[in-house]
Number of protein chains: 2
Amino acid sequence: MQFSPHLADRPNLSDSLADAVRTMIVDGRLAAGARVNEVHLAAALKVSRTPLREALSRLTAEGALQAVPRRGYFVAPLTASELEQLYDLRPLLDPEALRLAGVPGPGRLQTLDAINARLARESTPEKIVALDDVWHLELIAGCPNRVLVEMIEQIMRRTRRYELALMREAPPAEKAVDHHAAVTAALRSGDLDGACAALKANLTHGREPLLAWLRDRERRRA
Amino acid sequence: MQFSPHLADRPNLSDSLADAVRTMIVDGRLAAGARVNEVHLAAALKVSRTPLREALSRLTAEGALQAVPRRGYFVAPLTASELEQLYDLRPLLDPEALRLAGVPGPGRLQTLDAINARLARESTPEKIVALDDVWHLELIAGCPNRVLVEMIEQIMRRTRRYELALMREAPPAEKAVDHHAAVTAALRSGDLDGACAALKANLTHGREPLLAWLRDRERRRA
DNA sequence: CGGCTGTGAATTGTATACAGTATGCAATTT
DNA sequence: AAATTGCATACTGTATACAATTCACAGCCG
């Protein structure tokens, strides 16, 4: 065969750096609002500034960083307002993706339950958040509109550090396990509309505790 | 005053280049599917490769380019499938944004009609597409969910070169002027639901001619 | 004649060097 | 003592240089 198109090609440094820095931001090693010093960061990662800057450039497009022309890159601050806007979009996008995907086959339903079971046992914030996202992506894996799925992934990336920041300070609140079970139950009985409604409820919930915490934190700093 | 925060600061080269290259892609000077030669392009734009690569990196995140690790950047091809997916999202997102924005004040309604009037007189593809986008953005300018508005803008940028490519080959089909008028009419009578429905109809229409043209083009090349 | 292999040019990836701008501190003035 | 100016330093923006990889084509072998 002539092409194995964009298949698992080993990434270049810039790509790897984007992942590395994104991780540093998500898990707090680069604090929200902090200024990014290119020289220090490049030295710490043992690379030159050129590929690092390409990575920072991409992260800016993703919304994880903000660029101010002659002052440099800053880690985007955590604001209640942004989180609220992000959270409001999921109940709009996810049910539509599920509707387009249709009722999953039995294999996928089994996978979903397996993920949910692991989610119930997990206790570290990182694992919980990651597994929850995996579950939601698996749910809509059959959605033919890949652009829609990409948008949902984009929102996941942007909300992840909010969720981790909360879970580190406050103990992990109630988990979404039961909501997830309600969705798969509806799907098993072939009730797509019911599943979409349950999914919407899942996404609408869990919103309030996070927002309350953030608003409180903003008040305290003002 | 100490700060005029990120206000209209003169952009750096990378930013300007991103705009320049995006324009080249949108209006076809960089053909869909073409490989981007960094050396040639940098020479043509009279800059060095470093800021150009940062710009290309960002355009990749926007979906205008695709990066293949050791082979370089390629202009993303025009596919009926992607366009279909993009067009399917607007009827989902725009009405929601309008609902959140609420009925606009009389000033904004007047602005909308003015834009629509100019749209009716315009005849060049570039102007028509640009004004149509301006109208839709003005319609939802009051939407408090800025992330949602950004997503709509993102879709506009990605669909623009499809629309221009079509309009250059085929003469501009029917315009959306009447649909727009229906939306503002509903809004003037305070009927938000009706306006959302009319908007949805506007966005669902105009889809078919473009898709038909693209599919035909793809068949001819196969 | 078709497919393989090696070699040189072209192209991308990364590092380094240099120039322009911002930032913080100290000296100076009011 | 507060404000302001000037200067040294640190940092970002851009260019250039070098290394590593890919690509195209010629020649060779089956």
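Naming: A, B, ... by sequence-line order, numbering from 1 per chain.
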Could you state the [atom1]-[atom2] distance from [X] to [N], rounded to the nearest angstrom?
X: A/F74; N: D/dT12; atom1: CZ; atom2: C1'; answer: 11 Å
X: B/E38; N: D/dC23; atom1: CD; atom2: P; answer: 14 Å
X: B/E54; N: C/dT12; atom1: CD; atom2: P; answer: 17 Å
X: B/L56; N: C/dT12; atom1: CG; atom2: C1'; answer: 12 Å
X: B/N12; N: C/dA22; atom1: CG; atom2: P; answer: 12 Å
X: B/K46; N: D/dT16; atom1: NZ; atom2: P; answer: 14 Å
X: A/R49; N: C/dA15; atom1: CZ; atom2: P; answer: 13 Å
X: B/D15; N: D/dT14; atom1: CG; atom2: C1'; answer: 13 Å

Subject >> Lys/Arg N to Asp/Glu carboxylate O, B/R168 vs B/E126, below 4.0 Å >> reply: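 Result for this pair is yes, salt bridge flagged.
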**OP:** Could you tell me whether A/R146 and B/E82 make a salt bridge, using a distance below 4.0 angstrom between a side-chain N and a carboxylate O?
**Re:** no
Original post:
Taking the inter-plane angle between the rings of B/H136 and B/H180 on a 0 to 90° scale, is it parallel (under 30°), tilted (30 to 60°) or perpendicular (over 60°)?
Top reply: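 Rings of B/H136 and B/H180: perpendicular, as their planes differ by over 60°.
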**OP:** Could you check A/R35 against A/S14 and say which one's nearest nucleotide on DNA chain C is further toward the 5' end?
**Re:**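 Closer to the 5' end of DNA chain C: A/S14.
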Establish, with yes or no, whether the OP1 or OP2 oxygen of [N] is under 4.0 angstrom from a side-chain nitrogen or oxygen of [X].
X: A/R53; N: D/dG13; value: yes
X: B/T50; N: D/dT16; value: no
X: A/R71; N: D/dT12; value: no

Subject >> Nearest-neighbour nucleotide for the B/V39 side chain, C/dT14, D/dT12, C/dT12 considered >> reply: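 The answer is C/dT12, which lies nearest to the side chain.
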Original post:
Between D/dA15, C/dT16, D/dT12, which nucleotide has the shortest distance from any of its atoms to the side chain of A/S48?
Top reply: C/dT16
Original post:
Are a donor atom and an acceptor atom from the side chains of B/E38 and B/Y73 found within less than 3.5 Å of each other?
Top reply: no
Original post:
Mapping B/R70 and A/H40 onto DNA chain D by nearest heavy atom, which one lands closer to the 5' end?
Top reply: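 Per heavy-atom nearest nucleotide, the more 5' residue is A/H40.
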Original post:
Would A/R215 count as a cation-pi partner of A/W213, with NZ or CZ less than 6.0 Å from the six-membered ring centre and within 45° of the ring normal?
Top reply: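 Not satisfied by the 6.0 Å and 45° rule.
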